[in-house]
Amino acid sequence: MSRIGRKPVIIPANVTVDIAEGNNVTVKGPKGTLNYTFHPDMILKVEGNELIVDRPDEEHLHKSLHGLTRTLLHNMVEGVEKGFSKELDVNGVGYRCEKKGSQLVMRLGFSHEVFVDEIPGITIEVPTPNKIIIKGIDKQAVGQFAAEVRSKRPPEPYKGKGIKYTTEVIRRKVGKTGGKK
């Protein structure tokens with residue numbers, strides 16, 4: 001039995017979970033509403049303040065979906081209650097970013113500025129010129145948007161310049177050593 005799939009998802013008092021026909025789950029909370037349709041074979045039920053995920057049999061597909069379904073439900077409940085955020089650092093001489101309206105404007109050593117628009121459900125904050133905070137209630141959307149911003153100038157291993165996650169560690173390489181005869 002899946003260790004993760006066995007654990008029930010605790011539903012906080014300020015969050016409501018509705019399970020409709022075809023495993024269409026709607027989670028409402030103080031931060032917003034999320035909706036997702038899970039595999040129809042998974043058995044979802046609400047008992048008191050717990051959300052329980054079961055599988056119909058020991059088939060390989062059902063085993064692999066068991067823990068995944070529970071984790072996705074947990075992320076939905078946590079997202080509408082607290083929200084998710086990713087922090088990015090911008091490193092490099094002359095590299096900086098700012099927010100103009102709903103656009104993120106970045107100077108990343110190119111001959112032009114790089115513009116990234118906010119998407120629905122995602123908010124961008126720029127507390128300092130070299131820090132970007134991406135917030136939202138959908139964990140997958142926040143992670144994908146952060147990866148797209150990072151891909152505008154990924155960190156390079158020689159000087160460490162570029163956009164990196166705050167928790168990311170860049171393995172540095174030694175540059176060329178000039179050979180003298």
Side-chain angles (χ1 to χ4, degrees), residues 1-56 59 61-90 97-106 115-128 130-152 163-168:
M1 190 68 136
S2 169
R3 287 184 183 165
I4 294 172
R6 252 194 323 228
K7 293 169 69 177
V9 178
I10 306 297
I11 303 170
N14 55 357
V15 175
T16 59
V17 177
D18 297 321
I19 302 170
E21 190 88 17
N23 279 352
N24 191 357
V25 178
T26 304
V27 182
K28 293 179 186 164
K31 296 251 182 199
T33 304
L34 287 175
N35 193 12
Y36 192 81
T37 304
F38 291 95
H39 196 278
D41 290 350
M42 290 289 105
I43 302 162
L44 308 174
K45 53 188 172 234
V46 177
E47 293 178 1
N49 69 337
E50 292 182 341
L51 183 58
I52 296 168
V53 179
D54 251 339
R55 61 180 186 230
E59 189 180 322
L61 173 68
H62 296 150
K63 283 182 172 183
S64 62
L65 286 173
H66 193 197
L68 171 71
T69 304
R70 190 261 177 208
T71 302
L72 291 174
L73 283 165
H74 180 263
N75 287 343
M76 288 171 71
V77 169
E78 190 177 332
V80 297
E81 187 192 16
K82 300 174 190 162
F84 294 101
S85 69
K86 290 267 187 186
E87 291 186 12
L88 300 165
D89 290 338
V90 181
C97 53
E98 61 183 337
K99 188 168 178 196
K100 289 185 181 172
S102 65
Q103 273 191 332
L104 177 66
V105 181
M106 299 181 284
F115 298 95
V116 179
D117 292 318
E118 272 185 359
I119 59 173
I122 299 289
T123 57
I124 303 170
E125 295 176 10
V126 184
T128 60
N130 60 355
K131 187 170 222 44
I132 304 167
I133 301 173
I134 298 166
K135 293 183 177 181
I137 61 172
D138 186 358
K139 188 174 188 177
Q140 190 269 333
V142 169
Q144 181 65 39
F145 190 78
E148 287 171 9
V149 170
R150 182 185 179 275
S151 72
K152 301 298 179 191
I163 302 173
K164 71 177 191 78
Y165 297 110
T166 302
T167 57
E168 183 179 10

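If you read the sequence from its start, that first residue is 1, and numbering goes on from there.
Under the 3.5 Å distance criterion, the side-chain polar atoms of Asp18 are left unmatched by any main-chain donor or acceptor of Thr26.
A pairwise comparison of heavy atoms in Gly67 and Ile4 identifies O-CG2, 4.0 Å as the closest pair. The shortest non-hydrogen separation linking Leu88 to Thr166 is N-OG1, 3.9 Å. In terms of heavy atoms, Gly22 sits closest to Thr37 at O-CG2, 3.6 Å. Across all their heavy atoms, Lys82 and Lys31 have their closest contact at O-CE, 3.1 Å. Of all the heavy atoms in Met42 and Pro56, the pair that sits closest is CE-CD, 4.3 Å. Considering all non-hydrogen atoms of both residues, Ile19 and Asn23 come closest at CG2-OD1, 4.5 Å.
The CG atom of Leu34 lies 5.5 Å from the CG atom of Asp138; values are rounded to the nearest 0.5 Å. Ser85 contributes atom OG, which lies 10.5 Å from atom CD1 of Ile122 (distance to the nearest 0.5 angstrom). Taking CD of Glu87 as the reference point, atom NZ of Lys164 lies at 10.5 Å (rounded to 0.5 Å). Rounded to the nearest 0.5 angstrom, Ile124 CD1 and Asp117 CG are separated by 8.0 Å. In this structure, the separation between CD1 on Ile163 and CE on Met106 is 4.5 Å, given to the nearest 0.5 Å. Note that NE2 of His66 and OG1 of Thr71 are 10.0 Å apart. Values are rounded to the nearest 0.5 Å.
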Donor-acceptor pairs under 3.5 angstrom involving side-chain atoms of residues 8-16: please list them, not counting sequence neighbours.
none

Run the side-chain donor-acceptor check on residues 139-151: report pairs under 3.5 Å with partners two or more places apart or on a different chain.
residue	atom	partner	partner atom	Å
Gln144	NE2	Glu148	OE2	3.2
Arg150	NE	Glu168	OE1	3.3
Arg150	NH2	Glu168	OE2	2.7
Ser151	OG	Glu148	O	2.7

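Residues Ile132 and Ile134 are in side-chain contact: their nearest non-hydrogen atoms beyond the backbone lie under 4.5 Å apart. Leu73 places a side-chain heavy atom less than 4.5 Å from the side chain of Leu44.
Sorted by first and then second residue, the salt bridge (charged side-chain N to carboxylate O under 4.0 Å, His left out) pairs with a member in residues 37-53 read Lys45-Asp54; sequence neighbours excluded. Pairs of residues two or more places apart, or lying in two chains, never qualify as salt bridge (charged side-chain N to carboxylate O under 4.0 Å, His left out) while including a residue from residues 67-81.
Around atom NZ of Lys131, more than 12 heavy atoms belonging to other residues, nucleotides or ligands sit under 6.0 Å away.
For Tyr36, the ring pair (Phe, Tyr, Trp, His ring centres under 6.0 Å) criterion is met by Phe38, not counting sequence neighbours. Residues passing the salt bridge (charged side-chain N to carboxylate O under 4.0 Å, His left out) test with Lys99, sequence neighbours excluded: Glu118.
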